[in-house]
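Along the sequence shown, residues are numbered consecutively beginning with 1.
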Amino acid sequence: MDGMSGPYVIRGSVSLPEAELMWRFSRSSGPGGQHVNTSDSRVELSFDLAKTEALPEVWKARALERLAGKLVDGVLTVRASEHRSQWRNRETAAVRLAALLAEASAPPPKPRRATRIPRGINERRLRQKKQRSDTKRGRSGRDWG
């Protein structure tokens, strides 16, 4: 495939293995003039997540779990038909697949550690609230002429 912009990096040194990507092309729906009837510009890119050796085991397990709803027999499929040119749709599909896998195989976020609010800050906040409330109370027109 000439002109394809290089390996699609998922994260770090891991990228989508070209050999394991299955491409399918079909006619795109929507507008496009006479040319649209002859060009297979819609792209379907499939990647067998269950059988791949390209991802570290931990990532693979995480991805399989998180993408469970999108998988069909362990295969992840991404479609792209926004662009009129097949080449640009290929780019879009590959980038989308890489992004999906990157997100799905990311390590879970670190648990949040609860921290206490310093007493001084809390007291200052309450003091300011009280001041504000006094200011507003002073505005009600009880004791005006």
Side-chain angles (χ1 to χ4, degrees), residues 1-140:
M1 264 183 269
D2 51 279
M4 246 349 223
S5 60
Y8 293 93
V9 176
I10 297 174
R11 203 169 50 251
S13 59
V14 181
S15 53
L16 284 179
E18 281 292 338
E20 294 183 30
L21 299 179
M22 292 159 296
W23 298 90
R24 269 187 51 212
F25 307 103
S26 54
R27 299 208 177 125
S28 217
S29 61
Q34 287 120 7
H35 177 65
V36 80
N37 303 325
T38 58
S39 63
D40 291 346
S41 62
R42 179 172 146 199
V43 172
E44 251 180 57
L45 173 58
S46 302
F47 176 65
D48 197 335
L49 188 56
K51 294 195 182 87
T52 187
E53 298 292 312
L55 296 178
E57 277 308 310
V58 191
W59 288 23
K60 194 160 120 177
R62 250 186 244 142
L64 283 168
E65 188 184 327
R66 290 190 189 158
L67 296 171
K70 292 185 194 296
L71 297 176
V72 179
D73 297 333
V75 177
L76 178 62
T77 304
V78 174
R79 289 177 193 82
S81 58
E82 301 79 282
H83 306 294
R84 282 190 183 186
S85 91
Q86 185 195 89
W87 186 78
R88 282 176 68 195
N89 279 332
R90 278 181 178 199
E91 288 281 287
T92 309
V95 168
R96 218 176 267 170
L97 184 65
L100 258 175
L101 288 173
E103 198 178 317
S105 63
K110 288 199 172 77
R112 182 179 176 280
R113 285 210 356 249
T115 55
R116 280 199 46 218
I117 298 170
R119 198 159 89 224
I121 289 179
N122 215 6
E123 284 174 359
R124 190 174 67 210
R125 182 180 64 87
L126 292 173
R127 226 187 356 267
Q128 284 173 341
K129 272 180 76 129
K130 187 122 181 64
Q131 224 172 5
R132 187 93 185 118
S133 123
D134 291 345
T135 307
K136 289 191 168 189
R137 198 179 298 119
R139 284 188 194 148
S140 66

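- Rounded to the nearest 0.5 angstrom, Asn122 CG and Arg127 CZ are separated by 11.0 Å.
- Residues passing the salt bridge (Lys or Arg N to Asp or Glu O under 4.0 Å) test with Arg88: none are found, sequence neighbours excluded.
- Summarising the geometry, atom OG1 belonging to Thr92 is positioned 3.0 Å from atom NE2 belonging to His83; distances are rounded to the nearest 0.5 Å.
- No more than 12 heavy atoms of other residues, nucleotides or ligands sit less than 6.0 Å from atom CD1 of Ile117.
- Counted within 6.0 Å of CZ on Arg24, heavy atoms from surrounding residues, nucleotides or ligands total 12 or fewer; the atom is thus considered open.
- In this view, Arg79 and Glu44 satisfy the salt bridge (Lys or Arg N to Asp or Glu O under 4.0 Å) rule, not counting sequence neighbours.
- Looking at every heavy atom in both residues, Arg42 comes nearest to Ser81 through CG-CB, 3.7 Å.
- Note that the CZ atom of Arg96 and the CG atom of Asn89 stand 8.5 Å from one another [nearest 0.5 Å].
- When the side-chain hydrogen bond (donor to acceptor under 3.5 Å, both in side chains) test is applied to Asp134, the partners found at least two apart in sequence or on another chain are Arg137.
- To the nearest 0.5 angstrom, Gln128 atom CD is 9.5 Å from Arg125 atom CZ.
- Nearest heavy-atom pair, Ser85 versus Ser41, reported as atom, atom and distance to 0.1 Å: C-CB, 4.4 Å.
- Side-chain contact between Gln86 and Val43 is present, with heavy atoms from C-beta onward closer than 4.5 Å.
- Sorted by first and then second residue, the pairs that involve residues 102-123 and meet salt bridge (charged side-chain N to carboxylate O under 4.0 Å, His left out), not counting sequence neighbours, are Arg119-Glu123.
- Judged as a side-chain hydrogen bond (donor to acceptor under 3.5 Å, both in side chains), and not counting sequence neighbours, the contacts of Ser46 are Thr77.
- For Arg66, there are no side-chain hydrogen bond (donor to acceptor under 3.5 Å, both in side chains) partners, not counting sequence neighbours.
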